[in-house]
Amino acid sequence: MFYGIGRALIDATHPFAGTISFNVAKAAATARVPLLALRRPGWVPEAGDVWHEAGCLEEAAVLLPSLGRRMFLTTGRMGLAAFAALDDLWFLVRSVGAPEAQAPSRMEVLLDRGPFTLDGERELPRRHRIDVVVTKDSGGAATAPKLTAAREAGLPVVVVRRPSVPEGVQVLGEPEQALRWIRPRATSTLFRVLAET
């Protein structure tokens with residue numbers, strides 16, 4: 001989601017909406033409009049976590065065969081093609097919508113939307129005999145219980161790092177910080193520029 005106030009722009013899209021963020025950064029630079037990226041803080045590993053970081057879904061797919069055989073894939077329905085060639089692995093794919101593109105041949109789809117409870121996140125790996133969790137570092141509390149459940153069960157978690165924010169764009173993590181940033185640039189007109197997340 002993008003908001004413009006007077007002569008400034010706030011990019012409050014999802015942390016993984018990289019293409020949109022780069023396009024708006026180009027537009028803001030062309031129009032000479034100040035741009036701020038509002039990104040909720042990413043997750044931080046805690047004692048007992050067994051995290052394996054990957055720079056993208058393709059890197060995550062390369063890691064999986066050495067970690068286990070039954071995957072809990074919580075990266076959404078986009079990008080499943082990265083895991084399609086892993087025929088020896090089984091995937092529980094949780095997403096808001098049904099997969100449409102190329103996907104793993106051995107998978108079960110669970111249509112669900114957060115927030116998720118810790119009890120529910122403890123039960124899913126037990127019920128499906130999961131031995132690896134795969135997630136994007138979206139941050140936030142709504143989907144974080146899966147990390148706690150994985151820690152408690154001693155499961156490895158492959159964490160896909162966020163795409164970088166365009167060079168030169170200031171990043172803040174809290175809405176209150178964004179309000180302080182925008183005040184000196186604001187007029188009385190608040191308008192929604194783009195509502196694509």
Side-chain angles (χ1 to χ4, degrees), residues 1 12-18 38-164 171 173-175 197:
M1 199 169 294
T13 54
H14 189 278
F16 281 85
L38 179 61
R39 297 287 186 269
R40 60 188 175 225
W43 293 315
V44 177
E46 298 182 15
D49 282 328
V50 183
W51 284 15
H52 302 265
E53 289 195 359
C56 61
L57 293 175
E58 289 75 16
E59 284 184 22
V62 170
L63 293 172
L64 297 187
S66 66
L67 298 175
R69 288 290 172 260
R70 297 181 66 84
M71 309 293 153
F72 181 23
L73 192 60
T74 67
T75 57
R77 65 190 180 108
M78 306 299 286
L80 290 178
F83 306 95
L86 299 174
D87 293 330
D88 292 338
L89 306 184
W90 181 88
F91 293 85
L92 175 63
V93 176
R94 180 167 68 193
S95 66
V96 174
E100 297 174 357
Q102 190 178 6
S105 59
R106 300 176 62 218
M107 72 172 185
E108 179 179 332
V109 177
L110 174 62
L111 299 180
D112 204 355
R113 178 189 302 269
F116 301 107
T117 67
L118 181 54
D119 285 343
E121 297 296 73
R122 286 169 173 151
E123 175 59 24
L124 273 177
R126 284 197 294 259
R127 185 184 332 141
H128 295 280
R129 305 189 322 277
I130 297 298
D131 47 28
V132 181
V133 176
V134 185
T135 188
K136 293 177 178 177
D137 180 15
S138 300
T143 58
K146 66 188 164 198
L147 302 174
T148 303
R151 183 184 317 119
E152 292 175 352
L155 298 179
V157 179
V158 176
V159 180
V160 179
R161 292 188 301 272
R162 297 173 175 194
S164 59
V171 180
E174 301 296 335
T197 58

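To the nearest 0.5 Å, atoms CD (Glu108) and CG (Leu73) are separated by 13.0 Å. Here the straight-line distance linking atom CE of Met71 with atom CZ of Arg106 works out to 10.5 Å at 0.5 Å rounding. Taking CD of Glu123 as the start and NE2 of His128 as the end, the distance is 8.5 Å to the nearest 0.5 Å. Note that CG of Leu147 is 8.5 Å distant from CG of Asp137, once rounded to the nearest 0.5 Å. Taking OG from Ser95 and CZ from Arg113, the interatomic distance works out to 10.0 Å, rounded to the nearest 0.5 Å.
Looking only at side-chain heavy atoms (C-beta outward), Pro65 and Leu86 come within less than 4.5 Å of each other.
Contact record, Ile130 with Val132: CG2-O, 3.2 Å, taken as the closest heavy-atom pair. Looking at every heavy atom in both residues, Glu121 comes nearest to Phe116 through CD-CB, 3.8 Å. Scanning all heavy atoms of the two residues, the minimum distance from Leu63 to Ala54 falls at CD1-CB, 4.3 Å. Pairing each heavy atom of Pro156 with each of Asp131, the nearest pair is CD-O, 3.2 Å. Considering every non-hydrogen atom in both Val134 and Ala60, the closest pair reads CG1-CB, 4.5 Å. Trp43 and Ala144 get closest at one heavy-atom pair: NE1-CB, 3.7 Å.
Applying the side chain to side chain donor-acceptor pair (under 3.5 Å) criterion to Lys146, with sequence neighbours excluded, gives Thr74, Thr135. Take Glu58 and apply the side chain to side chain donor-acceptor pair (under 3.5 Å) test, not counting sequence neighbours, and it matches no residue. For Pro45, the side-chain contact (heavy atoms from CB on, under 4.5 Å) criterion is met by Asp49, Trp51, not counting sequence neighbours. When the ring pair (Phe, Tyr, Trp, His ring centres under 6.0 Å) test is applied to Phe72, no partner is found at least two apart in sequence or on another chain. By the side-chain contact (heavy atoms from CB on, under 4.5 Å) test, Pro104 pairs with Leu80, Phe83, Phe91, Met107, sequence neighbours left out.
Evaluation of the salt bridge (Lys or Arg N to Asp or Glu O under 4.0 Å) test over residues 69-90, restricted to residues two or more places apart or in two chains, returns Arg77-Glu100.
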Check the pair Glu152, Leu118 against side-chain contact (heavy atoms from CB on, under 4.5 Å), reporting the backbone distance first and the verdict last. CA-CA 11 Å; Glu152 292 175 352; Leu118 181 54; 4.3 Å; yes

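The closest donor-acceptor contact from the side chain of Arg161 to the backbone of Cys56 lies at 3.5 Å or more, if one exists at all.
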